[in-house]
Amino acid sequence: MGPSNIRDLLTTFTPSLDFFAISSGDGRIKEGFSHEKNFAKSTLYNVLISDSSDSTCIEDCSIAMGHDAIALKSGWDEYGIAYGRPTTNVHIRRVNLQSSSGSSLAFGSEMSGGISNVCVEQVHLYNSFSGIEFRTTKGRGGYIQEIIISDVAMENIHTAFSATGQIGSHPDDHFDPNALPVLDHITLQNVIGTNITIAGSFTGIQESPFTSICLSNISLSTTPPASISWVCSNVSGFSQWVFPEPCPSLESSLLNSSSTCLSRLNSSPTQTAVL
């Protein structure tokens, strides 16, 4: 969909729908579910994909899917880089998301045009393989940054948080393997989870580690209590008031890392995405 200046788009999904895509190059698209309770259910596909869109609002809806419930994307490898249209200024709030085999909320892996300035708040994620997942791989280029996710309730989730630099295919053989993606300035705060198997898995890229991952006020109840609740490599960040205790690489005491995270934690989430 690409018409300009769309506001409060009311969409009723049906079980046979593969996905609903929002894509715009003019930077003036807003889609949402204002004051309505809509329900989407399917078994195999993404239902809501925001691709290369500016000023997007998704609110007041329930989505249950086999794969990703909401996915934010912005182009695929060299084609996304050439198109150069990021997904930015996104606000997601008051949604209930379920994904049996994918992620309730996913970023990427097609993110070559960039994804930034995203605010997610007051969300309920349940009965999903992954709660919140960031995906990318070598050859993508682009970035995922300036993301604030706050006030999240999770239940019956295999992996609460995931960020990986080793997932995603390529459209052809013309991609640049040296086009390394950047993932930084990601804030996860005020999260409560029950019946979680793995608290977090953060596996960055050796040549382009994930940085400035900020975790605050997170309490996850793992069932059964896992001997290893967090998996980390090529990642750095700061955490406070997090249970189970995260990886040492996410507990940085470096002044620059902690002060950057604290300044973001003290800011209002709604300041991130201005619609």
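Position 1 is the first residue of the sequence; numbering continues from there.
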How many angstroms lie between atom [atom1] of [X] and atom [atom2] of [Y], to the nearest 0.5 angstrom?
X	Y	atom1	atom2	value
His185	Ser212	NE2	OG	4.0 Å
Leu188	Ile218	CG	CD1	5.5 Å
His91	Ile148	NE2	CD1	10.5 Å
Ile58	Leu97	CD1	CG	9.0 Å
Tyr83	Ser74	OH	OG	11.0 Å
Thr222	Ile228	OG1	CD1	12.5 Å

Output every pair passing ring pair (Phe, Tyr, Trp, His ring centres under 6.0 Å) with a member in [range], not counting sequence neighbours, ordered by first then second residue.
range	value
residues 146-168	Phe129-His158
residues 101-120	Phe107-Phe134
residues 186-213	none

Point to revise | side-chain contact (heavy atoms from CB on, under 4.5 Å) partner of Val120, the single match among Val95, Leu105, Ile70 | key: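 Exactly one option meets the side-chain contact (heavy atoms from CB on, under 4.5 Å) with Val120, and it is Leu105.
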Check your understanding: Can you tell me if Gln98 and Ser104 form a side-chain donor-acceptor pair at under 3.5 Å?
Key ->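 Gln98 vs Ser104: no donor-acceptor pair found between side chains.
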Check your understanding: How about Thr164 and Gln166: does a side-chain donor come under 3.5 Å of a side-chain acceptor?
Key ->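 Present: a donor and an acceptor within the cut-off.
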Practice item. Would you sort out whether Thr187 and Ile149 count as a side chain to side chain contact (heavy atoms under 4.5 Å, CB included), showing the intermediate values? Key: CA-CA 6 Å; Thr187 298; Ile149 300 175; over 6 Å; no
Where do [X] and [Y] come nearest, in terms of heavy atoms and distance?
X	Y	value
Met111	Pro181	CE-CB, 3.8 Å
Leu250	Ser236	CD2-C, 4.1 Å
Gly139	His170	CA-CE1, 4.3 Å
Ala160	Ile196	CB-CG2, 4.0 Å

Partners meeting side-chain contact (heavy atoms from CB on, under 4.5 Å) with [X] (sequence neighbours left out):
X	answer
Ser103	Asp68, Ala106, Ser130, Glu133, Arg135
Ser112	Asp77, Ile81, Arg140
Glu207	Lys138, Leu180, Ile205
Asp172	Glu78, Tyr79, His174

Practice item. Please go through Val182's hydrophobic cluster and name the other residues, only I, L, V, M, F, W, Y counting, with side-chain heavy atoms under 4.5 Å joining them. Key: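 Members other than Val182 - counting any ILVMFWY side chain reachable under 4.5 Å - are Tyr143.
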Are any non-hydrogen side-chain atoms of [X] and [Y] less than 4.5 angstrom apart?
X	Y	answer
Thr56	Asn89	no
Met154	Ile132	yes
Asn234	Thr203	no
Ile147	Ile186	yes
Ile213	Thr211	no

Exercise for review: Kindly indicate, with the supporting measurements, whether the criterion side chain to side chain contact (heavy atoms under 4.5 Å, CB included) is fulfilled by Glu121 and Arg94.
Suggested key: CA-CA 7 Å; Glu121 58 183 338; Arg94 300 187 304 271; over 6 Å; no
Practice item. Please list, chain by chain and in numerical order, all residues satisfying side chain to side chain donor-acceptor pair (under 3.5 Å) with Ser116, sequence neighbours excluded. Key: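 Ser116 satisfies side chain to side chain donor-acceptor pair (under 3.5 Å) with Thr88 only.
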Point to revise | side chain to side chain donor-acceptor pair (under 3.5 Å) involving Asp184 - partner list, sequence neighbours excluded | key: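 Only Gln145 meet the side chain to side chain donor-acceptor pair (under 3.5 Å) criterion with Asp184.
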Review point. Going only through I, L, V, M, F, W and Y residues with side-chain contacts under 4.5 Å, is there a path from Ile157 to Leu220?
Key: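 Shared cluster, yes.
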**Study point:** Leu72 with Trp76, same ILVMFWY side-chain cluster at under 4.5 Å
**Key:**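 Different clusters.
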Check your understanding: Pairs in or reaching into residues 105-117: which pass salt bridge (Lys or Arg N to Asp or Glu O under 4.0 Å), with residues at least two apart or in two chains?
Key ->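 Output for this query lists Lys73-Glu110.
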Practice item. With side chain to side chain donor-acceptor pair (under 3.5 Å) as the test, would you mind laying out the steps for Thr87 and Ser53 before giving the verdict? Key: CA-CA 5 Å; Thr87 286; Ser53 299; 5.2 Å; no
Donor-acceptor contacts under 3.5 Å from residues 241-249 side chains, at least two apart:
none

Review point. What do the steps show when you test Ile192 against Val152 for side chain to side chain contact (heavy atoms under 4.5 Å, CB included), and what is the final call?
Key: CA-CA 6 Å; Ile192 296 178; Val152 180; over 6 Å; no
